Amino acid sequence: MAVCARLCGVGQSRRCRRRQRHNQPDQGSDSDMDEEEEERIVGRTVPSVGRGPEISSPSAAAGPSVAGKATGESGRANVNTGPPTPRSLLHMPPELLVEIFSSLPGTELPTLALVCKKFRQILNTETVWRRRCSEEFGMREDLRKLEVVGVSSRELYTKHANLCVKLLPDYKHMDYRDTCILWMHILGLWQPDIGPYGGLLNVVVDGLYIIGWMYLPPHDPRVEDPMRQRPLFRIHMWENNKALVECMYGHKGPHKGDIQIGKKDEFSTKCNQTDHHRMPGGRQEEFRTWLEEEWGRTLEDIFHEHMQELILMKFIYTSQYDNCLTYRRIYLPPRLPSDLLQPGLFKGTYGSHGLEIIMLSFHGSRVRATKLTGDPNVPAGQLTLDVDLNRPVRLPDLEHQHSVEELSRLVLGVHEEAQQAAQNPDVAPQMASNGDGSMAADAGADCLEGAMDAPSQSPQPGPSRSNSAPSDVQPFILPVGVMARNEVYPRSCKMCFYGTGLIAGHGFTSPERTPGLFVLFDEDRFGFIWLELKSFSLYSRLTDRLAHGYAPDMERFEAMLCNMQSWTS
């Protein structure tokens with residue numbers, strides 16, 4: 001705003017003149033200011049900005065004497081064939097002023113409206129406030145629809161700015177930039193502290209509300225179906241500028257709740273009317289309803305006794321958190337040019353535990369998958385997959401892929417080499433072998449090298465870009481005896497790599513990493529064969545738009561991953 005003040009010629013002296021005019025009788029209001037005085041005030045300091053071309057004409061800036069000489073002693077004015085040069089901001093076209101004012105912080109615009117009548121008229125334009133709502137609060141919906149029902153973009157901006165003041169008591173003692181940083185403390189991605197089960201919460205601005213949406217995986221085993229969303233809370237600003245927090249849990253509609261912002265990157269929600277969560281039929285009816293929503297089936301449809309125990313255990317555990325929850329901030333992994341595919345969130349099958357959400361990220365030559373939702377065996381926050389891109393595996397022909405013994409021989413051979421390399425870190429890692437001493441990863445290494453070099457050809461790779469040539473695609477089929485929750489998996493793959501998966505007993509007891517095979521199908525799907533469990537997990541990309549979730553840098557993301565593992569270790 002300081003730059004704008006210099007451009008417009010406002011400041012302490014300007015306010016003093018306004019007070020002097022206010023004390024003089026019969027001088028008129030500020031809205032009736034003489035246009036010549038407005039031009040003189042607004043355009044006075046424009047030439048002193050020193051950036052870009054001056055917008056006042058040379059003859060006007062030089063004064064009356066110089067202007068007289070410019071016209072010549074004979075009184076003939078010099079003919080200017082070009083467009084007239086604006087003498088001040090007041091002489092600029094309205095559409096240019098709209099563009100300039102739209103780029104300023106919204107909290108500074110009311111002060112700018114006090115400069116003159118023309119500025120005040122420009123700042124009544126909906127385009128200005130529509131852009132501020134979009135850039136500062138991430139409102140991507142069609143704001144014109146709200147204008148049709150009588151809600152202006154300016155009113156919408158004011159409500160959210162006032163809500164920022166209510167959520168942040170120290171707002172008046174901060175400058176605008178600090179306030180924006182704290183505003184982002186509410187918007188973005190969060191992981192609820194629900195013991196081993198975790199979760200994914202996305203807080204967004206939606207019209208006149210700030211809403212916390214819980215993202216739930218699709219029903220098992222339909223891993224490629226879209227995510228389900230459930231509102232947990234919302235914040236609304238009433239006309240008296242009072243922030244109202246409402247709990248959205250249960251089936252009786254919104255009711256009273258609270259939000260407490262504690263330490264950095266953490267906040268809590270509390271329900272003040274938990275009776276709204278109860279159902280007339282008691283806990284049995286609540287369980288039936290929860291089961292249909294969570295799993296898309298009834299208990300009678302689930303014949304596996306162990307699976308019934310796991311489902312009942314999850315219902316009892318998660319029901320304890322329906323009145324108070326704590327959330328911790330999480331980030332999406334940043335994209336690096338060397339990444340094999342676009343990192344991000346994926347849904348995966350985990351046997352009797354159902355579908356879970358994992359975060360795929362790249363760390364040099366390694367690919368890691370961290371659980372955002374978990375189970376009693378391996379809880380949320382733990383590193384479920386660790387893949388070594390330096391150890392590709394070339395699959396045998398389609399006929400031999402049916403044999404689980406052949407696949408085990410290939411993967412276990414690489415596993416032994418990886419263990420030897422870990423014991424002797426000074427020895428350069430070798431590629432996988434076929435078990436008989438011959439190298440099996442030459443083709444895989446060439447394919448990986450091509451995939452790693454491909455992003456450098458385009459400065460902004462997108463998730464739809466293919467990372468390998470069609471000739472690199474090879475047929476794929478699961479070996480006989482390997483169980484898969486979803487039999488509808490791709491029958492061709494691009495690359496395979498050696499990796500390990502984390503398994504543990506109930507309560508995360510005796511955790512260990514077991515060898516397996518990472519199978520890359522395409523940009524949005526991959527799989528993992530757990531050799532010891534003889535099980536196959538299929539993962540599909542989560543395509544929902546998560547605008548405020550990206551990490552500012554890789555260091556912040558790495559620190560978050562370390563914290564996530566400590567939450568449930």
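These numbers were taken from a predicted model, which means no experiment stands behind them.
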>> For Q342, is there any backbone N or O sitting under 3.5 Å from a side-chain donor or acceptor partner on D339?
In response: no
> With a cut-off of 6.0 Å (strictly less than), are more than 12 heavy atoms of other residues, nucleotides or ligands near CD of Q320?
Replying inline: yes
> Which pair of non-hydrogen atoms, one from V519 and one from C493, has the smallest distance, and what is that distance?
Replying inline: CG1-CB, 3.6 Å
>> Strictly distance-based, threshold 3.5 Å: is any side-chain N or O of K371 a donor or acceptor partner for the main-chain N or O of V378?
In response: yes
> From L355 CG over to L216 CG, what is the distance, rounded to the nearest 0.5 angstrom?
Replying inline: 11.0 Å
> Is it true that the side chains of T349 and R485 contain a donor and an acceptor less than 3.5 Å apart?
Replying inline: no
>> Show, in sequence, the C-alpha distance, side-chain angles and deciding distance for E512 and I503, and conclude whether the side-chain contact (heavy atoms from CB on, under 4.5 Å) test is met.
In response: CA-CA 6 Å; E512 62 173 322; I503 61 175; 3.8 Å; yes
> How far apart are the closest heavy atoms of S352 and M307, and which atoms are they?
Replying inline: O-CG, 3.8 Å
> What heavy-atom pair brings Y317 and I194 nearest, and what distance separates the two atoms?
Replying inline: CE2-O, 3.7 Å
>> Whether the side chain of H219 engages the backbone of E293 through a donor-acceptor N/O pair (distance < 3.5 Å, no angle test) should be reported.
In response: yes
> OG1 of T373 to CG of L345: how many Å apart, nearest 0.5 Å?
Replying inline: 10.0 Å
>> Looking at every non-hydrogen atom in both residues, tell me the closest pair between D524 and F346 and how far apart they are.
In response: O-CE2, 3.7 Å
> Using 30° and 60° as the class limits, which term best fits the ring planes of F536 and F521: parallel, tilted or perpendicular?
Replying inline: perpendicular
> Hey, are R525 and E224 close enough for a salt bridge, meaning a charged N less than 4.0 Å from a carboxylate O?
Replying inline: yes
>> Please check: side-chain N/O of Q401 versus main-chain N/O of P475, any donor-acceptor pairing under 3.5 Å?
In response: yes
> Mind checking what makes side chain to side chain donor-acceptor pair (under 3.5 Å) contact with D193, not counting sequence neighbours?
Replying inline: none
>> If we check side-chain contact (heavy atoms from CB on, under 4.5 Å) with I210, which of these qualifies: V245, V204, I259, V203?
In response: V203
>> Within the supplied structure, the quantity of interest is the number of heavy atoms (other residues, nucleotides, ligands) at a distance under 6.0 Å from R288 CZ; does it exceed 12?
In response: no
>> Is it true that, when you exclude Q419 itself, more than 12 heavy atoms of the residues, nucleotides or ligands shown sit nearer than 6.0 Å to its CD?
In response: yes
> For the residue pair L187 and R329, what are the closest heavy atoms and their distance?
Replying inline: O-NH2, 3.2 Å
> Atom CG in L502, atom CG in N377: separation rounded to 0.5 Å?
Replying inline: 10.0 Å
>> Between N323 (side chain only) and C271 (backbone N and O only), is there a donor and an acceptor less than 3.5 Å apart?
In response: no
> Who are the side chain to side chain donor-acceptor pair (under 3.5 Å) partners of S403, not counting sequence neighbours?
Replying inline: E405
> Under the 3.5 angstrom rule, does the side chain of Q191 hit a backbone N or O of L372 as a donor-acceptor pair?
Replying inline: yes
> So with a 6.0 Å cut-off around NZ of K252, is the heavy-atom count from everything else above 12?
Replying inline: yes
> Is NZ or CZ of R491 both nearer than 6.0 Å to the six-membered ring centre of Y489 and within 45° of the ring axis?
Replying inline: yes
> Just how far is it from atom CG of L395 to atom NE2 of H400, taken to the nearest 0.5 Å?
Replying inline: 13.0 Å
> Quick check: are there more than 12 heavy atoms from other residues, nucleotides or ligands sitting under 6.0 Å from CZ of F287?
Replying inline: yes
> So, W530 and S537: side-chain donor and acceptor under 3.5 Å apart, yes or no?
Replying inline: yes
> Can the ring centres of Y539 and F528 be said to be less than 6.0 Å apart?
Replying inline: no
>> Does this structure show an ion pair linking R283 with E286, if we count only N-O contacts that are shorter than 4.0 Å?
In response: yes
> Between the main-chain N or O of S268 and the side-chain N or O of Q260, is there a donor-acceptor pair closer than 3.5 Å?
Replying inline: no
> Which pair of non-hydrogen atoms, one from N390 and one from S365, has the smallest distance, and what is that distance?
Replying inline: ND2-OG, 3.3 Å
> Sequence neighbours excluded, which residues qualify as side chain to side chain donor-acceptor pair (under 3.5 Å) partners of D225?
Replying inline: R222
